Amino acid sequence: MNTPEKVYTYGKFLLASGVVIFAIGQSLLFIIVAPMARSIGLSELEFGVAFSLANLSLLFAGPFWGKKSDVIGRKPVFIIGLVGSAIGTLAMAAALKVGLSGTVTSGVILAMIFGSRFIYGLTASAIYPSASGYIADVTDWNNRAKGMALVGSANAMGSILGPAIGGGLAFMGALFPMYAAACISFLGAIVAVIWLIEPEQHKIRQQNKDSSKPVLKFTDPRLRPYMIMWATVFSTFISLNFVTAFYIQDRFGITDMAAVMRTASFMLACMAVIITLVQGVLFQIIKISPQVLLRVCAPLFAIGFFTMAFAPTLTFLGLGFGIVGGAFACATPGINGSASLKMEAHEQGAAAGYLSAANTTGAILGPVLGTSLYKIAPQTPLLFGGTLMLIISIFALTIPAAKQAKPS
């Protein structure tokens with residue numbers, strides 16, 4: 001007989017699997033789509049602008065799905081996200097196929113890429129807030145950072161598997177890995193339909209539904225510092241991902257497209273392995289308060305960015321990516337965990353949605369920021385990111401820790 005604890009343990013790992021699938025699609029974006037930009041006639045800036053504009057859909061969709069998961073439940077919203085991820089990935093693959101055929105203008109290609117990413121953002125944005133809301137529902141105060149770390153490690157695991165799938169299946173065609181990722185997303189949705197159990201907290205929310213309870217707003221002062229943290233972290237983090245392939249080509253003189261994709265995959269894998277080990281193993285064994293992790297992440301980001309900017313060899317570049325991986329491993333449970341502890345039970349989904357929107361702000365600014373700064377010099381995005389993270393390190397020290405409510 002399965003106890004509620006076992007059921008929710010299974011549920012957490014099902015959600016983690018869904019986040020893995022989501023991250024696979026995201027990582028394929030950077031190791032397949034970005035290197036192809038030049039091949040289909042797009043400049044770095046055109047490519048970055050198209051994705052930044054398309055990511056505007058994430059800005060509104062994340063909070064919408066987060067609030068919706070508070071109302072209709074985590075499970076249906078999570079399933080919608082997986083199906084949307086599959087459809088959006090297939091649409092992107094179709095856009096790239098048309099671009100590689102050389103039968104349309106660059107303007108048409110840009111429109112197709114924009115449309116596919118826009119569809120992806122509207123739907124796949126449901127995955128992360130529903131997963132984070134589920135974790136908040138089934139973890140207590142002392143285990144919140146551990147639970148959020150599980151979601152973060154799942155995201156990192158997907159970032160590892162994405163390059164592996166991309167490299168392992170590339171012999172069947174450059175776009176075949178994207179078709180495979182879409183199929184995996186559809187399969188994940190089917191598994192969630194059959195086996196994912198809605199948390200008991202949802203039933204409690206429905207029974208205690210009270211329209212007089214204030215609705216969480218994005219201007220809520222409890223949430224604001226963490227949204228600032230995520231927007232800044234993601235702006236620099238996404239800008240790094242977008243210029244990685246170009247940086248490898250121009251800084252280290254690697255011109256063969258296959259070699260660029262392999263090297264970029266290896267660098268992203270270095271980062272993802274560290275995230276997975278720290279969040280999926282270390283943070284599951286030892287308990288570190290979210291507040292400590294919140295204050296550690298930004299200095300680590302700065303060290304990682306500066307290491308990459310001055311890296312004389314690919315080995316040092318890999319070291320820099322590893323340090324950034326350690327920083328991101330601290331950021332997810334540190335920022336999300338700290339914010340979650342300040343929210344009421346009925347606000348968890350909405351809070352996760354707003355935090356996801358803050359990530360999206362970074363996803364919107366990051367591509368344009370990274371590619372614009374890259375025009376100055378290949379190292380400029382990294383030097384800018386490192387400096388910005390030093391400033392955010394000071395800001396993190398001003399955020400007060402959440403206080404555990406005394407039992408009544």
Side-chain angles (χ1 to χ4, degrees), residues 15 17-37 40 42 47-66 68-69 76-100 108-131 154-155 158-159 161-163 165-166 169 173-193 234 238 241-242 353 356-357 359-360 362-364 366-367:
L15 286 165
S17 299
V19 175
V20 168
I21 294 169
F22 172 68
I24 288 174
Q26 287 288 85
S27 61
L28 288 177
L29 172 73
F30 299 119
I31 68 167
I32 293 179
V33 182
M36 281 188 180
I40 60 179
L42 302 180
F47 178 69
V49 169
F51 268 84
S52 290
L53 292 176
N55 283 340
L56 285 171
S57 62
L58 290 163
L59 190 61
F60 307 102
F64 170 80
W65 290 121
K68 186 64 69 174
S69 75
V77 173
F78 184 71
I79 293 168
I80 289 170
L82 285 174
V83 173
S85 175
I87 294 172
T89 301
L90 286 175
M92 178 61 71
L96 292 174
K97 185 175 182 179
V98 171
L100 290 172
V108 174
I109 297 171
L110 277 173
M112 293 181 67
I113 289 177
F114 171 83
S116 61
R117 184 64 181 176
F118 193 83
I119 293 170
Y120 181 92
L122 285 177
T123 52
S125 56
I127 293 176
Y128 216 84
S130 58
N155 191 65
S159 299
L161 293 177
I165 291 173
L169 299 179
L175 297 178
F176 186 82
M178 297 188 73
Y179 299 136
C183 290
I184 293 172
S185 292
F186 277 124
L187 180 61
I190 293 171
V191 170
V193 169
F234 252 78
I238 295 298
N241 280 273
F242 260 81
S356 176
N359 294 355
T360 302
I364 293 169

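Since the structure is predicted, the reported quantities are computational estimates derived from the model, not experimental observations. We're numbering straight along the sequence, starting at 1.
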Closest non-hydrogen atom pair between I21 and S185, with its separation | CG2-OG, 3.1 Å
Please name the pair of heavy atoms, one in I109 and one in G99, separated by the smallest distance, quoted to 0.1 Å.
-> CD1-CA, 3.6 Å
Show me the donor-acceptor pairs, under 3.5 Å and distance only, between side chains in residues 76-97 and residues at least two apart or in other chains.
from: T89; atom 1: OG1; to: S85; atom 2: O; distance (Å): 2.8

Do you know which two heavy atoms are closest between A131 and L15, and how far apart they sit?
-> CA-CD2, 4.1 Å
Using ring-ring contact (aromatic ring centres under 6.0 Å, His included) as the criterion, list what pairs up with F118, not counting sequence neighbours.
-> F114
Between atom CH2 of W65 and atom CD1 of I127, what is the distance when rounded to the nearest 0.5 Å?
-> 11.5 Å
Residue set satisfying side-chain hydrogen bond (donor to acceptor under 3.5 Å, both in side chains) with Y120, at least two apart, ordered chain then number -> Q26
